[in-house]
Amino acid sequence: MAFLGLVAAGGMALAQDQAPMVGAPIPWGMGLQELGGPIKDAISSFNELVFWIIVVITIFVAILLAWVMWRYNEKANPVPSQSSHNTPLEIAWTVIPVLILLVIAVPSFRLIYYQDRARDADLTINVTGHQWYWNYRFPDHGNFAFDSRPIPDEEIKAGQMRSLEVDEPLVVPVGRTIRVMTQGVDVIHSFFVPSLGVQRYTIPGRTLETWMRADRVGTFYGQCNQICGVNHWFMPIVVKAVPQAEFDAWVASARTRFARQDEQAPALAEAAGDTIRIAAARQ
């Protein structure tokens, strides 16, 4: 156990020593975004498996079509066969696709289960989707909450990304497992951060769970990818992964900056307890 602890600590130190990562779309980019955590790594591996299966199928079908056009054209085959059934061939083209689907389905189900909920999470964050901004709550750290709103184009500064920046990013510690509990208050939104492999709907009246972990210090951009209204396109997400010490300092500052002044502390504490109990019950 001590050895595993040293390995984990070494991995976190290595992640924090790397250059900060920017998880965002790039002009004319192809393929998936850069890997920022273990879920994205699993998604990338599954994507590669399916890609090569599709490549093999495409090549096979192209060769088969070319052979059929060469072998069975009117000149090469002036008297066509009257055969209408071929039992071995019919069995083959039924069984082979089923086997291919099984090869895809097994890792697909494993990935869905892997993404579904956190095991031994280090902290919980409640994510609430609004038209058109996000609210984040930290029940494990005094239950403070804040809104994260998009920055209009006219206020974008040099070096910032248009339509992707927010006034208050979601700050998380690097290398920690974050349980994410999503809810909605008006319509269905989607909490989607591609480089971390995170996507979960925020549905009014329901609480859904997923998790994420950033293995590198950096800033990870996302957006709501559910059509949730006229400003659907302008509902960005920014997750900032920082070292644990920096996260602790941010929490101390945030608990002061986002302190509630409306005497709702008892209700908020009860809601936070409900969230934690739901997460524990789902284990």
State yes or no: do F192 and V185 share one hydrophobic cluster built from I, L, V, M, F, W and Y residues joined by side-chain heavy-atom distances below 4.5 Å, directly or via other members?
no
Salt-bridge contact D215-R176 (side-chain N to carboxylate O under 4.0 Å):
no
Between V217 and V242, does the side-chain contact (heavy atoms from CB on, under 4.5 Å) criterion hold? Intermediate values first, please.
CA-CA 5 Å; V217 171; V242 299; 5.6 Å; no
Exercise: identify the closest heavy-atom pair between M235 and H130
CE-O, 2.9 Å
Would the distance check show the side chain of D248 and the main-chain N or O of A245 forming a donor-acceptor pair, the cut-off being under 3.5 Å?
no
Side chain proximity check, D140 to F138, heavy atoms < 4.5 angstrom
no
Main-chain N/O of L89 paired to N86 side chain as donor or acceptor, under 3.5 Å
yes
Which atom names give the shortest non-hydrogen contact between W211 and V198, and what distance separates them?
O-CG2, 3.8 Å
Distance-only side-chain donor-acceptor flag, T210 / R200, under 3.5 Å:
no
Does any part of the side chain of C228, heavy atoms only, come nearer than 4.5 Å to the side chain of I188, both counted from C-beta?
no
Could you report the tightest heavy-atom contact between P236 and S163, atom names first, then the distance?
CB-O, 3.6 Å
Quick one: do the Q183 and T207 side chains pair a donor with an acceptor below 3.5 Å?
yes
Is it the case that atom CG in L49 sees more than 12 heavy atoms from other parts of the structure closer than 6.0 Å?
yes
Pairs flagged by side chain to side chain donor-acceptor pair (under 3.5 Å) wherever residues 36-51 is involved - sequence neighbours left out:
none
For the student: nearest non-hydrogen atoms of R71 and A76, plus distance
O-CB, 3.7 Å
Are I57 and F60 connected in the hydrophobic side-chain network, where two residues link if heavy atoms are under 4.5 Å apart?
yes
Would R149 count as a cation-pi partner of Y133, with NZ or CZ less than 6.0 Å from the six-membered ring centre and within 45° of the ring normal?
yes
Interatomic distance, I54 atom CD1 to W52 atom CH2 [nearest 0.5 angstrom]:
11.5 Å
Mind checking the OG1-CD1 spacing from T182 to I203? Nearest 0.5 Å is all I need.
7.0 Å
Are W134 and F146 an aromatic pair by the rule of ring centers under 6.0 Å?
no
ring-ring contact (aromatic ring centres under 6.0 Å, His included) partners of H232, counting only residues at least two apart
none
Donor-acceptor pair, side chain of W132 and main chain of C224, under 3.5 angstrom:
no
With no hydrogens and no angle check, is any side-chain donor or acceptor of T94 less than 3.5 Å from a backbone partner on E90?
yes
Gap separating the NE2 atom of H189 from the CD atom of Q226, nearest 0.5 angstrom:
9.5 Å
Just how far is it from atom CG of L170 to atom CD1 of I237, taken to the nearest 0.5 Å?
9.0 Å
Does L65 share a hydrophobic cluster with V68, counting links as ILVMFWY side-chain heavy atoms below 4.5 Å and allowing steps through other members?
yes
Hey, can you tell me if F144 and F258 have their rings parallel, tilted or perpendicular (30° and 60° cut-offs)?
parallel
Which heavy-atom pair separates R179 from A118 by the least distance, and what is that distance?
CB-CB, 4.1 Å
Verdict with supporting geometry, V171 and E246, side-chain contact (heavy atoms from CB on, under 4.5 Å):
CA-CA 10 Å; V171 180; E246 187 174 338; over 6 Å; no
T124, I125, L123 screened by side-chain contact (heavy atoms from CB on, under 4.5 Å) with H141, the one that passes:
L123
Measure from the side-chain N and O atoms of Q160 to the backbone N and O of K157, and report whether any donor-acceptor pair falls under 3.5 Å.
yes
Looking only at heavy atoms, which two atoms of L196 and R213 are closest? And how far apart?
CD2-O, 4.1 Å
Drop me the distance from S195's OG to I43's CD1, to the nearest 0.5 angstrom.
10.5 Å
Group every Ile, Leu, Val, Met, Phe, Trp and Tyr by side-chain heavy-atom contacts under 4.5 Å, then state whether I59 and L64 land in the same group.
no
If Ile, Leu, Val, Met, Phe, Trp and Tyr residues are connected whenever their side-chain heavy atoms lie under 4.5 Å apart, and connections chain through other members, are L111 and V180 in the same group?
no
Does the side chain of Q199 come under 3.5 Å of the side chain of N225 through a donor N or O and an acceptor N or O?
yes
Given the rule in the side-chain contact (heavy atoms from CB on, under 4.5 Å) test, do I100 and I53 qualify, once you have shown the distances and angles that lead to the verdict?
CA-CA 8 Å; I100 293 173; I53 290 175; 3.9 Å; yes
Without swapping roles, check the side chain of N126 against the backbone of R137 for a donor-acceptor pair under 3.5 Å.
no
Output, in order, the C-alpha distance, side-chain angles, deciding distance and verdict of side-chain contact (heavy atoms from CB on, under 4.5 Å) for F220 and V22.
CA-CA 6 Å; F220 307 91; V22 177; over 6 Å; no
For residues 159-169, pull every pair meeting salt bridge (Lys or Arg N to Asp or Glu O under 4.0 Å), keeping only residues two or more places apart or in separate chains.
D153-R162, E168-R257
Please round to the nearest 0.5 Å and tell me the distance separating atom CE of M212 and atom CD1 of I39.
9.0 Å
Under 3.5 Å, is there a donor-acceptor pair between the side chain of Q223 and the main chain of W233?
yes
